[in-house]
Amino acid sequence: MDIIDTIKEQIEGNPILLYMKGSPNQPQCGFSARTVQAVMQCGERFAYVDILANPEIRANLPKYANWPTFPQLWVDGELIGGCDIVTEMAESGELQTLIKETAAAQAAE
Ligand SMILES: N[C@@H](CCC(=O)N[C@@H](CS)C(=O)NCC(=O)O)C(=O)O
Ligand code: FES
């Protein structure tokens with residue numbers, strides 16, 4: 001499959017999706033560590049892709065997303081942002097609301 005199709009499929013198939021370096025239990029960069037921590041604190045299930053293990057995604061997602069760096073949090077098919085945005089949203093409580101609403105909508109499907 002074309003790498004862009006793979007990316008689209010991941011984004012469309014996973015309402016809460018984090019592209020990160022490493023895994024939630026073993027993040028390989030401080031930015032990914034802080035971001036995954038914020039997402040985990042919301043207490044809902046989420047998908048992740050380790051871009052260090054997927055160099056093609058690392059090379060192509062920034063163009064597709066129009067966002068140059070990792071991590072990238074995608075919710076409901078939309079890019080929310082990276083570490084700065086996600087941690088700010090966690091501090092304001094906005095992230096919890098967004099994640100909870102998305103998880104509840106998915107459960108109701
Ligand atoms: N300010 C960024 C920090 C993230 C960042 O600078 N990421 C870099 C270093 S981990 C990156 O993804 N570089 C491109 C790459 O490694 O492919 C954010 O809010 O997410
Ligand atoms: S891997 Fe060096 S800053 Fe993220």
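In listed order, ligands and their atoms are each counted from 1.
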Undergrad: What do you reckon, does Cys83 have a nitrogen or oxygen under 3.5 Å from a nitrogen or oxygen of ligand 1?
TA: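 Yes.
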Undergrad: To the nearest 0.1 Å, how far is atom 2 (Fe) of ligand 2 from its closest protein heavy atom, and which atom is that?
TA: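 Minimum-distance protein heavy atom for atom 2 (Fe) of ligand 2 reads Cys29 SG, 4.4 Å.
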Undergrad: Taking only heavy atoms of Gly82, which atoms of ligand 1 are found under 4.0 Å from at least one of them?
TA: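 Reading through ligand 1 atom by atom, the close ones are 19 (O), 20 (O).
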Undergrad: I'd like to check which ligand 1 atoms, numbered from 1 as shown, lie under 4.0 Å from a non-hydrogen atom of Asp84.
TA: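 So the answer, numbered in order with elements, is 1 (N), 18 (C), 19 (O).
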Undergrad: Regarding atom 14 (C) of ligand 1: of the candidates Gly81, Pro62, Pro68, which has the closest heavy atom?
TA: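 Of the listed residues, Pro68 has the closest heavy atom.
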Undergrad: What atoms in ligand 1 come closer than 4.0 Å to a heavy atom of Cys29?
TA: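 Per the distance check, 10 (S).
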Undergrad: Does Pro27 reach the side chain of Met20, with side-chain heavy atoms less than 4.5 Å apart?
TA: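 Result yes, sub-4.5 Å side-chain heavy-atom pair found.
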Undergrad: Determine whether Ile16 and Arg45 make a side-chain contact, defined as any pair of heavy atoms from C-beta on separated by less than 4.5 Å.
TA: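 Heavy-atom side-chain distance check fails, nothing below 4.5 Å.
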Undergrad: Measuring only between side-chain heavy atoms, which start at C-beta, is Leu95 closer than 4.5 Å to Leu73?
TA: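 A side-chain contact exists here, since the closest heavy-atom pair is under 4.5 Å.
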Undergrad: Give the residue, atom name and distance (to 0.1 Å) of the protein heavy atom nearest atom 10 (S) of ligand 1.
TA: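 It is Lys21 NZ, 3.1 Å.
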Undergrad: Tell me the protein heavy atom at minimum distance from atom 17 (O) of ligand 1, and give that distance in Å.
TA: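 Ranking protein heavy atoms by distance from atom 17 (O) of ligand 1, first comes Arg58 NE, 2.8 Å.
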Undergrad: If I apply the N/O under 3.5 Å rule, does Phe70 come out as touching ligand 1?
TA: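 It does: an N or O of Phe70 is found under 3.5 Å from an N or O of ligand 1.
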Undergrad: Are Trp74 and Tyr19 side-chain neighbours, meaning at least one heavy-atom pair lies under 4.5 Å?
TA: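 Result yes, sub-4.5 Å side-chain heavy-atom pair found.
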Undergrad: Taking side chain as C-beta onward, heavy atoms only, is Phe70 less than 4.5 Å from Arg58?
TA: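 Contact flag for Phe70/Arg58 side chains = yes.
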Undergrad: Are the side chains of Thr6 and Asp2 in touch, meaning some heavy atoms are under 4.5 Å apart?
TA: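 The answer is no; the side chains never approach within 4.5 Å.
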Undergrad: Heavy atoms, side chains only, cut-off 4.5 Å: are Met40 and Pro24 in contact?
TA: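 Yes; the side chains approach each other to less than 4.5 Å.
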Undergrad: Pick whichever of Leu52, Thr69, Leu61 has a heavy atom sitting closest to atom 8 (C) of ligand 1.
TA: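 Of the listed residues, Thr69 has the closest heavy atom.
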